[in-house]
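Worth knowing before you read on, the calculation uses all heavy atoms, side chains too, and leaves out hydrogens, waters and symmetry mates. Because the structure is a prediction, the values reported are computed rather than measured.
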Amino acid sequence: MSGRFTAMSAAPYEESHLYRLRHTAAHLMAQAVTELYPGAKLTLGPPIENGFYYDIEFPEAIKEADLAGIENRMRELAKLDMPLVRREATDRDDARRIIREECSLGQGEEVISYKLELLDAVPEGQTISFYEQRATDKQGKERLFIDLCRGPHVESTKEVRHFKLMSIAGAYWRGDVRNKMLTRIYGTAFETKDDLQGYLTFLEEAAKRDHRKLGRELGLFMFSPVVGQGLPLWLPKGTVLRETMNQFLRDEQVKRGYQGVVTPNIASIKLYEKSGHILTFREKLFPFMEDPEGETFILKPMNCPFHIEIYRSAMRSYRDLPIRYAEFGTVYRYEQSGELAGMLRVRGFTQDDAHLFVRPDQLLDEFVGVVDLMMQVLKRLGLNDYRARVGTRDPENAKYIGHDDNWRLSEEAIIEACRRVGLDYVVSPGDAAFYGPKLDLIIKDALGRDWQMGTVQVDYNLPERFELEYTGDDSKPHRPIMIHRAPFGSLERMIGLLTEQYAGAFPFWLAPVQVAVLPIADRHVAYARQVAERLQGYPVLGLAPEGEQVAADPGAWTGPNLRVSVDESRETLGKKIRENTKQKVPYLLICGDRDCEAGTVGVRARGEEADLGSMTLAGFLERIQPEL
RNA sequence: GCCGACGUAGCUCAGCGGCAGAGCAGCUGUUUCGUAAACAGCAGGUCACCGGUUCAAAUCCGGUCGUCGGCUCCA
């Protein structure tokens with residue numbers, strides 16, 4: 001989606017002219033900053049997906065209002081038409097000299113301290129290059145900027161015309177919290193005015209699809225400061241969405257041999273000491289609770305240890321495996337306040353979790369089954385725009401536990417499973433969990449940000465820690481392998497994302513209200529109710545405004561069980577259409593005099609801003625058959 | 001948590017040292033209407049909270065809480 005605003009050609013973005021342009025824009029911004037804020041220390045300033053940034057340590061904190069001044073100076077500098085000249089250092093000492101003497105721009109040793117550090121990080125044998133831009137302005141003053149940089153850049157600063165500085169953020173030097181926080185300035189640049197305007201318009205449009213805005217407008221979910229940060233409240237319509245999705249998945253899982261289990265929301269700390277989460281997950285745990293008798297409990301951050309205890313509750317034979325325990329389990333994780341993001345990042349969420357206990361010889365088949373289920377879920381949700389990432393072990397890193405043979409077996413199983421099911425994936429070394437490789441599904445939100453959704457993980461660690469066993473055909477104990485999996489990932493994140501993907505216009509099977517029946521005048525309410533009752537298969541509650549309860553048609557209660565509302569507000573038809581359209585109801589059925597007489601409804605479908613004419617209910621049901 | 005921005009009626013926003021405002025939503029009444037907003041009236045506020053400056057604070061300053069964009073981390 002964001003690709004629309006990056007490389008349009010077949011060449012990768014990193015090799016495009018646009019990428020170079022943004023890189024040059026970053027240099028131009030750095031030059032403006034060194035002129036306006038003497039003593040500012042430059043660090044890194046790369047192009048990124050939709051623009052560029054530069055991380056800078058300012059002598060004094062700057063504010064967003066200061067961006068206009070920097071932007072103006074950039075425009076002034078750009079017009080000087082400075083060519084970007086590449087220079088290569090002869091060796092490391094030469095590079096050091098250039099940084100000290102030239103990059104410092106006479107502002108002292110201090111301002112180039114980060115650059116010297118970056119120089120040290122350049123791998124041995126790699127050419128060390130600089131990019132220089134200089135010009136003499138109308139007042140005869142020399143304007144110069146030179147930066148340690150791999151390049152490449154565009155020809156001249158003059159090409160940097162259509163740009164905008166977007167925002168300020170803090171960013172740790174080298175991405176490490178223990179380091180000093182720098183000021184990051186984000187900007188964007190494009191080749192044409194239209195492209196820049198297009199991007200800004202895209203951002204405005206994205207804001208309209210924001211799930212937080214739509215969640216409120218459509219009555220799906222909310223947050224309350226009194227309840228607490230990151231703790232969502234599901235409104236009736238959002239709950240319909242959630243339960244509909246759960247039901248779909250539950251049905252699929254039953255067919256695939258899963259068994260439902262239910263476990264509590266808190267557990268003794270002992271459980272998590274045993275699982276090891278108390279150590280590895282410590283900073284994500286809410287504070288512990290102590291009961292009056294001195295026992296310590298924690299709010300559950302994961303479901304796995306509970307399912308493991310269920311596994312351990314009986315002797316297991318190799319004939320019992322695989323065992324698949326599924327639970328829509330709500331977990332609580334303490335996320336730092338600054339990283340909460342609507343429904344996409346919350347502190348209490350429900351995973352569509354399951355744990356499979358399998359024999360080594362079953363690993364591949366079970367994996368294929370799980371990946372197949374995930375594909376089916378994606379298809380049903382209508383999600384086509386996703387990426388699958390296989391996280392494997394980084395051989396360089398020592399944090400991974402377990403035997404090499406196990407890693408090889410499970411990494412191969414994941415990849416083979418993707419192949420068999422036809423799921424396109426990319427392998428990402430170093431993205432495995434410390435206890436095993438995994439497959440993640442990644443989806444973009446309205447703003448083009450990546451979110452990890454569904455996940456499958458192989459785990460050799462927990463069976464080890466809990467000493468899980470089954471008796472093999474050799475009568476000896478064997479250790480099962482665990483597969484953790486959650487096709488949605490979490491209901492909160494998935495529904496947040498779906499809301500943005502569909503801009504609130506959910507597919508028919510998910511729509512909280514599928515059909516709205518709109519009586520034109522009070523005298524049509526009774527008929528409208530009859531229509532609703534036939535579609536939903538049970539009586540509408542309450543009395544019609546005429547004061548008479550519609551006689552229930554006993555034959556009617558076998559309807560297609562649609563979710564139907566009757567708009568009995570005392571408003572004009574136009575108003576009712578407007579309101580129900582804004583609520584993104586898939587079908588509106590209008591009932592007036594003509595319909596009451598002929599036994600028809602006037603049909604209006606979402607997305608088609610027109611009257612589709614009148615039809616009988618049977619005709620309507622036939623029409624929507626493909627969507628059921 | 002850290003950096004930056006923002007908190008005015010249920011929602012969207014105006015007001016930015018001198019009487020707290022509009023539209024929508026809500027309530028009441030009238031209207032009973034055929035494809036995206038009927039008409040009229042009423043009600044609705046600790047201007048997020050706490051403190052300070054000032055004759056006077058929604059407005060300026062400080063702190064707290066919350067939200068948003070980033071960093072770090074993850075479903």
Side-chain angles (χ1 to χ4, degrees), chain A residues 48 53 55 58 61-67 166-186 203 207 210 212-213 216-217 222-226 228-230 281 283-284 301-302 329 331 333-347 349-353 433 440-443 447 449-455 457 484 486-494 496-497 518-525 545 570-582 588-595 602-604 608-614:
Chain A
I48 52 172
Y53 68 79
D55 283 347
F58 282 87
I62 66 161
K63 288 182 294 203
E64 220 139 86
D66 298 320
L67 294 183
M166 306 297 287
S167 62
I168 286 182
Y172 301 105
W173 169 233
R174 301 207 148 162
D176 192 328
V177 263
R178 289 165 302 192
N179 288 340
K180 181 148 195 154
M181 183 164 267
L182 309 166
T183 302
R184 173 171 298 180
I185 302 176
Y186 280 98
L203 291 179
D210 190 316
R212 290 165 293 217
K213 177 180 157 69
R216 186 175 50 239
E217 289 173 357
M222 59 169 282
F223 292 88
S224 157
V226 182
Q229 287 186 281
F281 223 67
E283 75 284 2
K284 286 286 160 85
M302 348 191 99
V331 297
R333 299 181 183 176
Y334 174 78
E335 304 287 350
Q336 298 184 80
S337 58
E339 46 190 23
L340 298 171
M343 292 299 256
L344 302 182
R345 190 70 173 287
V346 293
R347 283 177 171 168
F349 59 98
T350 302
Q351 297 177 312
D352 55 329
D353 215 355
D440 294 321
L441 291 176
I442 295 157
I443 302 181
L447 284 171
R449 297 175 298 197
D450 281 343
W451 294 93
Q452 185 186 316
M453 311 301 293
T455 183
Q457 305 177 4
H484 309 242
F488 298 146
S490 83
L491 269 306
E492 287 71 12
R493 183 172 286 180
M494 184 54 92
L497 252 304
L518 317 187
I520 291 175
D522 285 351
R523 64 179 178 280
H524 308 123
V525 167
R570 290 166 56 88
E571 294 289 350
T572 57
L573 179 62
K575 181 65 174 289
K576 291 181 183 183
I577 287 173
R578 180 180 159 83
E579 291 307 318
N580 285 283
T581 301
K582 275 166 64 178
L588 309 185
L589 303 185
I590 286 96
C591 301
D593 289 336
R594 297 202 297 262
D595 301 292
V603 178
R604 204 182 149 103
E608 300 175 47
E609 293 169 26
D611 181 1
L612 300 181
S614 59

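Looking at heavy-atom distances under 4.0 Å, A:R184 makes contact with sugar-phosphate atoms alone, never a base. Contact annotation for A:D440: no contact, since no heavy-atom pair falls under 4.0 Å across all strands. Across all strands shown, A:R449 has heavy atoms under 4.0 Å from sugar-phosphate atoms exclusively, and none from any base. Across all strands shown, A:A521 has heavy atoms under 4.0 Å from base atoms, whether or not it also approaches the sugar-phosphate. The residue A:R212 sits close only to the backbone: its heavy atoms come under 4.0 Å of sugar-phosphate atoms, none of a base. Across all strands shown, A:G338 has heavy atoms under 4.0 Å from base atoms, whether or not it also approaches the sugar-phosphate. When heavy atoms are screened at a 4.0 angstrom cut-off, A:N580 is found touching no nucleic acid atom at all. Residue-level contact check: A:S337 touches the bases, meaning some heavy atom is under 4.0 Å from a base atom. Across all strands shown, A:G574 has heavy atoms under 4.0 Å from sugar-phosphate atoms exclusively, and none from any base. Nucleic acid contact for A:E64: sugar-phosphate only, since backbone atoms but no base atoms lie under 4.0 Å from a heavy atom of the residue. Nucleic acid contact class of A:M181 (heavy atoms, under 4.0 Å, all strands): base. Heavy atoms of A:I62 sit under 4.0 angstrom from primed sugar atoms or phosphate atoms, though from no base atom. Here A:V346 lies in heavy-atom contact (under 4.0 Å) with a base.
For A:Q229, a side-chain nitrogen or oxygen approaches OP1 or OP2 of B:G66 to under 4.0 Å. In this structure, A:Y186 reaches the B:C71 phosphate: one of its side-chain N or O atoms is under 4.0 Å from OP1 or OP2. Contact check, A:R570 against B:A38: no side-chain N or O comes under 4.0 Å of OP1 or OP2. Side-chain N/O atoms of A:R578 include none lying less than 4.0 angstrom from OP1 or OP2 on B:U35.
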Next item on the list: For A:K582 and A:R578, run side-chain contact (heavy atoms from CB on, under 4.5 Å): C-alpha distance rounded to whole Å, both residues' side-chain angles, the deciding distance at 0.1 Å, then the answer.
Entry: CA-CA 6 Å; A:K582 275 166 64 178; A:R578 180 180 159 83; 3.9 Å; yes
Margin query: Does A:S337 form a side-chain contact (heavy atoms from CB on, under 4.5 Å) with A:R347? I'd like the steps, not just the answer.
Written below: CA-CA 9 Å; A:S337 58; A:R347 283 177 171 168; 4.0 Å; yes
Margin query: For A:M302 and A:R333: C-alpha separation, side-chain torsions, deciding distance, then whether side-chain contact (heavy atoms from CB on, under 4.5 Å) applies.
Written below: CA-CA 9 Å; A:M302 348 191 99; A:R333 299 181 183 176; 3.7 Å; yes
Item checked: side-chain contact (heavy atoms from CB on, under 4.5 Å) evaluation trace for A:I62 with A:I185 -> CA-CA 10 Å; A:I62 66 161; A:I185 302 176; 3.9 Å; yes
Note to self: Applying salt bridge (charged side-chain N to carboxylate O under 4.0 Å, His left out) to A:R178 and A:D176, what does each step give before you reach the verdict?
What the structure shows: CA-CA 5 Å; A:R178 289 165 302 192; A:D176 192 328; 2.7 Å; yes
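With a cut-off of 3.5 Å on both pairing distances, the Watson-Crick or G-U wobble partner of B:C71 is B:G1. Taking a pair to require two hydrogen-bonding distances under 3.5 Å in either a Watson-Crick or a G-U wobble arrangement, B:G10 pairs with B:C24. Base pairing of B:G29 is made with B:C39, judged by Watson-Crick or G-U wobble geometry with both donor-acceptor distances under 3.5 Å. Pairing for B:A48 is with B:U64, a Watson-Crick or G-U wobble pair whose two hydrogen-bonding atom distances lie under 3.5 Å. Pair check for B:U53 finds none; no Watson-Crick or G-U wobble contact set falls under 3.5 Å.
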Check: Can you give one letter per nucleotide of nucleotides 6-12 of chain B, 5' to 3': B if a protein heavy atom sits under 4.0 Å from the base, S if only from the sugar-phosphate, - if neither?
Finding: -----SS
Notebook entry, point to check: Which parts of nucleotides 39-44 of chain B does protein reach within less than 4.0 Å, heavy atoms only, written one letter per nucleotide 5' to 3' as B for base, S for sugar-phosphate only and - for none?
Noted result: ------
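Comparing the C1' positions of B:A9 and B:A14 gives an interatomic distance of 13 Å, to the nearest angstrom. A distance of about 45 Å separates the P atoms of B:U67 and B:U30, rounded to the whole Å. For the P atoms, the distance from B:C60 to B:C24 is 30 Å, rounded to whole Å. Taking the P atom of each, B:C27 and B:C65 are spaced 38 Å apart, rounded to whole Å. Rounded to whole Å, the separation between the C1' atoms of B:U32 and B:C47 comes to 42 Å. Taking the P atom of each, B:U31 and B:A40 are spaced 16 Å apart, rounded to whole Å. Rounded to a whole angstrom, the distance from the P atom of B:A75 to that of B:C13 is 34 Å. Spacing between B:U8 and B:A38 at atom P, rounded to whole Å, works out to 29 Å.
The base of B:C33 does not come close enough to the side chain of A:R523 for any donor and acceptor atom to sit less than 3.5 Å apart. Between the side chain of A:Y334 and the base of B:G1 there is no donor-acceptor pair of N/O atoms closer than 3.5 Å. No hydrogens or angles were tested; on distance alone, nothing pairs the side chain of A:D611 with the base of B:G34 as donor and acceptor under 3.5 Å. Evaluation of atom-type donor-acceptor distances gives no pair under 3.5 Å for the side chain of A:T572 against the base of B:A38. The base of B:U72 sits within donor-acceptor range of the side chain of A:Q336, with an N or O pair under 3.5 Å.
Legend: residues meeting side-chain contact (heavy atoms from CB on, under 4.5 Å) with A:D595, ordered by chain and number and at least two apart, are A:Y527, A:T600, A:S614.
Nearest-nucleotide assignment on RNA chain B puts the 5′-proximal partner with A:G342, out of A:G342 and A:W451. Both A:A61 and A:G230 lie close to RNA chain B; mapped to their nearest nucleotides by heavy-atom distance, the more 5′-ward contact belongs to A:A61.
Of all heavy-atom pairs spanning A:A169 and A:Y186, the tightest one is CB-CE1, 4.1 Å. Taking every heavy atom of both residues into account, A:W173 and A:N179 meet most closely at O-ND2, 2.8 Å. Taking all atoms of both residues into account, the shortest heavy-atom contact from A:L344 to A:L497 is CD2-CD2, 3.0 Å.
With hydrogens and angles ignored, the 3.5 Å screen pairs no side-chain donor or acceptor of A:R184 with any backbone N or O of A:D55. In this structure a side-chain-to-backbone donor-acceptor pair under 3.5 Å is present from A:E492 to A:T350. Under a 3.5 Å cut-off, the side chain of A:R493 and the backbone N or O of A:Q452 do form a donor-acceptor pair. Between the side chain of A:K576 and the backbone N or O of A:P519 there is at least one donor-acceptor pair closer than 3.5 Å.
In this structure, of B:C71, B:C73, B:G34, it is B:C73 that holds the atom nearest to the side chain of A:K284. Taking only side-chain atoms of A:R345, from C-beta outward, the nucleotide of B:G34, B:C74, B:A5 with the closest atom is B:C74. Here the side chain of A:L447 is nearest to one of B:A75, B:G69, B:G34, namely B:G69. Among B:U35, B:G69, B:C73, the nucleotide with an atom closest to any side-chain atom of A:L573 is B:U35. Side chain of A:S167, nearest nucleotide from B:G69, B:G34, B:A75: B:G69.
Residue ring and base: A:F349 counts as stacked with B:A75 (centre distance below 5.5 Å, interplanar angle below 30°).
Rounded to a whole Å, the CG atom of A:L344 is 19 Å from the P atom of B:C73.
Residues A:F349 and A:M343 fail the side-chain proximity criterion, which asks for heavy atoms closer than 4.5 Å.
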